[in-house]
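Read through the structure below, which is laid out as structure tokens, and then see the notes.
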Amino acid sequence: MEFIKTNDTVRFGVVTSNASGDISAADSTPRWSVFEQATDTPILLGDFTVRTGFAGVYRGTFDATAANGFDANSYYEIHASGAVGGIEGRSIIKAFVLDDTYNANIVQVTGYAIAPTTTIDANI
């Protein structure tokens, strides 16, 4: 599971292919949508951007901010949708938890370092 911090830029990509499985440009710009936990209405939508010089290869980004509807400790899925040759497809391309404490340490949380302690066993 990937962990993203609040206010981070989330980056992702997708490759579209035709019925034969060959990389192929989409009929129109593929879309991405972000779903929170068990909610069935996207909290954020956008268009992919084609990678220059790479037909059928797309990238997307958004900022995981409170203003964009993101909440700490929530689970999110990014879905991609598009069509190639009139055949539509949808896939979950990324999942993450918005979690600001997964890599925190005591100094980050309290602002004070904790001094190491040594225990001596007098019964040695």
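- For the atom pair Ile78 CD1 and Ser91 OG, the distance stands at 11.5 Å (nearest 0.5 Å).
- For Thr61 (side chain) and Arg11 (main-chain N/O), no donor-acceptor pair under 3.5 Å exists by modelled atom type.
- Judged as a side-chain contact (heavy atoms from CB on, under 4.5 Å), and not counting sequence neighbours, the contacts of Glu88 are Ala83.
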Working note: Ile4 + Phe70, criterion side-chain contact (heavy atoms from CB on, under 4.5 Å); need CA distance, chi angles, decisive distance, verdict.
CA-CA 11 Å; Ile4 303 290; Phe70 291 88; over 6 Å; no
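- Tested against Leu98 for a side chain to side chain contact (heavy atoms under 4.5 Å, CB included), the candidates Thr65, Val10, Asn73, Thr6 yield a single pass: Thr6.
- Phe12 and Trp32 have perpendicular rings, their planes meeting at more than 60° on a 0 to 90° scale where under 30° would count as parallel.
- Going from atom CD1 of Ile23 over to atom CZ of Phe54 covers 10.0 Å, rounded to the nearest 0.5 Å.
- Taking OG1 of Thr16 as the reference point, atom CG of Asp27 lies at 9.0 Å (rounded to 0.5 Å).
- In plain terms, the two heavy atoms of Ala80 and Val14 that are nearest each other are CB-CG2, 4.2 Å.
- For the atom pair CG (Leu45) and CZ (Phe62), the distance works out to 11.0 Å, reported to the nearest 0.5 Å.
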Pair Tyr58, Val15 - check side-chain contact (heavy atoms from CB on, under 4.5 Å), show working.
CA-CA 6 Å; Tyr58 302 87; Val15 176; over 6 Å; no
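- Counting only distance, with no hydrogens or angles, the side chain of Glu77 and the backbone of Ile92 share no donor-acceptor pair below 3.5 Å.
- Every residue two or more places apart in sequence or in another chain that forms a side chain to side chain donor-acceptor pair (under 3.5 Å) with Thr9 is listed here: Asp63.
- Using a 4.0 Å cut-off between charged side-chain N and carboxylate O, Glu2 and Lys94 make a salt bridge.
- Under the 4.5 Å side-chain heavy-atom criterion for grouping Ile, Leu, Val, Met, Phe, Trp and Tyr, Val57 is not connected to Val84 through any hydrophobic cluster.
- For the pair Arg90/Ser33, a side-chain contact is recorded, criterion being any heavy-atom separation below 4.5 Å from C-beta on.
- Between Asp22 and Ser17, every side-chain heavy-atom pair lies at or beyond the 4.5 Å cut-off.
- For an aromatic pair to be called close, the ring centres must be under 6.0 Å apart, and Tyr76 with Phe35 fails this.
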Candidate pair Asp71 and Glu36, rule side-chain contact (heavy atoms from CB on, under 4.5 Å), full reasoning
CA-CA 9 Å; Asp71 299 313; Glu36 181 179 18; 3.0 Å; yes
